Amino acid sequence: MIKRSRTIYAVTMLAALASVAACGSQAAPTDAAADLPVPVAVQQSAAPLNPQGPGELPELAGAEPPVAEETLPATEEAQAQEDEQAAPEPAASPTVAKKQRWVKIFSGPSQQDIIPPKSRTDGSKTVELNTTDNEQIGTYVTDGAGRTLYRFDNDTNKPPKTNCKGDCATAWPPLLIRSPGKIFPDGVDPEIVGFVERGDGTCQVTINGWPVYYFVADAKAGDISGQGLNGKWFAIKPDGGKTAATPGPLASSGTK
C-alpha cells in the first residue's frame, strides 16, 4: 500500500510539471510568479510609469494648473528708489540775471536765510524783495522782513530820480543797497530791478525805475499806513505801478 501510494504521488507531480511547462507565458500560480524573472523584451517594450522623470508626478487629465507664487514686496532699496523718483526735484539755485555796476540782481529768491537789518535806515549788502496780497489794495512789494515798500509820485522812473530828501527822507526812509550788493527778488521780474544813486552818495533800490521807500509810521510787517498819503504815496506793485488808493487810517489794520 505504501509503495502504491508513492507511485500515485509521483505520477501526479509529473503531470503538474508538464502542465506548467505547457503554459509558457501564461500566468503561473501567484506565489510562483513572484519569483519568475521578467523577459528582457517585455522590459524594453513596457512604457515607463512616469515619463516626466524621477521625483515628479505625471500630469493628470483635468488637473488644475499650479497656482503662481505671489509677488514679493519691493525691497527697502527698491522702495527708496521709487520714493526718490517720485520726490519733486529741489529748486534750482538762483543765477545772476543782470548786473548794475557793483550790484548783482539774481533770478529768484535766495536759498539761504537772509536776516534783514532791523533799522530801515542802515541799508544792507543783501536785499530781498517779496510780494504780499492785500484785500484792500491788491498785491504789493515788501522787503525780506515783510515791511511795505512805497513809491512817490514826485519821483521819476525815466530816468530814475528821487526827489524825497531831508525831512521827507526822514519820514520815508529809502531802501538802500550797499556795495558789493546782491538783490534777490521773489515775484518781481529781476530785469526791472536796479538802483539809483542819491544826492548823498547812497544807492536806493528801484523797481521799473521807481525808487522805493519805507514809511516811518508802519510798525510791523503788513502795515500799510502810508497808503494814499497826500495822494502821492502808494505801496508799489511788482511791476512798479501804483496799488489802489486806500486812506492811511483804514489801511493801518494791515493785511489779512
Side-chain angles (χ1 to χ4, degrees), residues 94-110 114-132 137-218 223-243 245:
T95 58
V96 177
K98 61 179 285 189
K99 290 182 180 180
Q100 184 178 347
R101 294 169 57 187
W102 40 264
V103 174
K104 295 179 181 179
I105 297 97
F106 287 81
S107 60
S110 173
I114 299 174
I115 301 176
K118 293 182 179 180
S119 172
R120 288 172 288 194
T121 60
D122 289 345
S124 176
K125 292 183 179 180
T126 305
V127 170
E128 287 183 292
L129 296 177
N130 299 320
T131 58
T132 297
I137 66 173
T139 302
Y140 63 93
V141 182
T142 68
D143 71 352
R147 295 174 294 204
T148 304
L149 296 174
Y150 299 85
R151 51 164 280 176
F152 183 35
D153 280 357
N154 286 1
D155 290 343
T156 60
N157 70 325
K158 294 181 181 180
K161 184 180 180 181
T162 174
N163 290 308
C164 181
K165 304 172 185 178
D167 292 341
C168 176
T170 301
W172 301 89
L175 173 59
L176 302 177
I177 180 75
R178 300 172 64 182
S179 176
K182 296 179 181 179
I183 302 176
F184 293 92
D186 186 7
V188 181
D189 184 356
E191 295 297 333
I192 65 172
V193 176
F195 71 88
V196 62
E197 187 171 350
R198 295 175 57 83
D200 58 3
T202 59
C203 295
Q204 183 175 357
V205 175
T206 60
I207 297 177
N208 201 18
W210 290 99
V212 295
Y213 305 81
Y214 296 107
F215 182 45
V216 70
D218 285 343
D223 282 353
I224 49 175
S225 303
Q227 182 68 2
L229 194 61
N230 298 327
K232 295 184 177 181
W233 292 93
F234 301 90
I236 191 167
K237 296 172 64 175
D239 62 0
K242 295 188 294 186
T243 50

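If you're wondering where the values come from, they're calculated on a predicted model, not measured in any experiment.
- No donor-acceptor distance shorter than 3.5 angstrom exists from the side chain of Ser107 to the backbone of Ala97, with no hydrogens or angles considered.
- Taking the side-chain contact (heavy atoms from CB on, under 4.5 Å) definition, one finds that Thr156 meets it with Lys161, sequence neighbours left out.
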Tyr140/Lys237 under side chain to side chain contact (heavy atoms under 4.5 Å, CB included): CA gap, chis, key distance, verdict: CA-CA 4 Å; Tyr140 63 93; Lys237 296 172 64 175; 5.8 Å; no
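- In terms of heavy-atom proximity, Thr243 sits nearest to Ile137 at CB-O, 3.6 Å.
- The main-chain N or O of Asn163 is never found under 3.5 Å from a side-chain atom of Asn154 such that the two would form a donor-acceptor pair.
- Judged by distance alone, with hydrogens and angles left aside, the side-chain atoms of Asp200 form a donor-acceptor pair with the main-chain N or O of Thr202 at under 3.5 Å.
- Within the 3.5 Å criterion, the main-chain N or O of Val196 finds no donor-acceptor partner in the side chain of Thr206.
- The shortest heavy-atom contact between Pro173 and Val216 is CD-N, 4.2 Å.
- Atom CD1 of Ile114 and atom NZ of Lys125 lie 14.0 Å apart (nearest 0.5 Å).
- Residues Pro116 and Ala145 come closest through the heavy atom pair CG-N, 3.6 Å.
- For the pair Val212 and Leu149, the tightest heavy-atom approach, listed with the atom from each and the gap, is CB-CB, 4.4 Å.
- With rounding to the nearest 0.5 angstrom, the OH atom of Tyr214 is 9.0 Å from the OG atom of Ser119.
- Although no hydrogens or angles enter the test, the distance criterion places no donor-acceptor pair under 3.5 Å between the side chain of Asn157 and the main chain of Pro160.
- Among residues at least two apart or in separate chains, there is no side chain to side chain donor-acceptor pair (under 3.5 Å) pair with a member in residues 165-181.
- Remark: Ile177 CD1 to Ser124 OG distance equals 6.5 Å, nearest 0.5 Å.
- A donor-acceptor distance shorter than 3.5 angstrom exists from the side chain of Gln100 to the backbone of Phe195, with no hydrogens or angles considered.
- Between the side chains of Glu128 and Ser110, no donor-acceptor pair is found at a separation under 3.5 Å.
- Considering every non-hydrogen atom in both Trp210 and Gly240, the closest pair reads CD1-O, 3.4 Å.
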Test side chain to side chain contact (heavy atoms under 4.5 Å, CB included) on Tyr150 and Cys164; report intermediate values, then the result. CA-CA 12 Å; Tyr150 299 85; Cys164 181; over 6 Å; no
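- No side-chain heavy atom of Arg147 sits less than 4.5 Å from a side-chain heavy atom of Asp218.
- With rounding to the nearest 0.5 angstrom, the CD1 atom of Ile183 is 7.5 Å from the CG atom of Leu175.
- Once rounded to the nearest 0.5 Å, the distance linking CG of Leu176 with OG1 of Thr121 reads 8.0 Å.
- When atom types are taken as modelled, the side chain of Asp239 and the backbone of Gly241 share a donor-acceptor pair closer than 3.5 angstrom.
- A pairwise comparison of heavy atoms in Ala169 and Pro174 identifies O-CD, 4.2 Å as the closest pair.
- Between the side chain of Lys182 and the backbone N or O of Thr126, no donor-acceptor pair lies under 3.5 Å.
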One pair to check against ring pair (Phe, Tyr, Trp, His ring centres under 6.0 Å): Phe184 and Phe106. What are the steps and the verdict? CA-CA 5 Å; Phe184 293 92; Phe106 287 81; 4.4 Å; yes
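- Classification of the Phe152-Tyr213 ring pair by plane angle, with boundaries at 30° and 60°, yields perpendicular.
- Judged purely by atom type and a 3.5 angstrom limit, Lys98 uses its side chain to pair as donor or acceptor with the backbone of Val193.
- Side-chain contact check for Phe234 versus Gln227: some heavy-atom pair is nearer than 4.5 Å.
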Is there a salt bridge (charged side-chain N to carboxylate O under 4.0 Å, His left out) between Arg151 and Asp153 once you walk through the steps? CA-CA 7 Å; Arg151 51 164 280 176; Asp153 280 357; 3.5 Å; yes
Dump the intermediate steps for side chain to side chain contact (heavy atoms under 4.5 Å, CB included) on Asp143 and Val127, then the final yes or no. CA-CA 7 Å; Asp143 71 352; Val127 170; 5.8 Å; no
Determine whether Asp186 and Thr131 satisfy the following criterion, side chain to side chain contact (heavy atoms under 4.5 Å, CB included), listing intermediate values before the conclusion. CA-CA 7 Å; Asp186 186 7; Thr131 58; over 6 Å; no
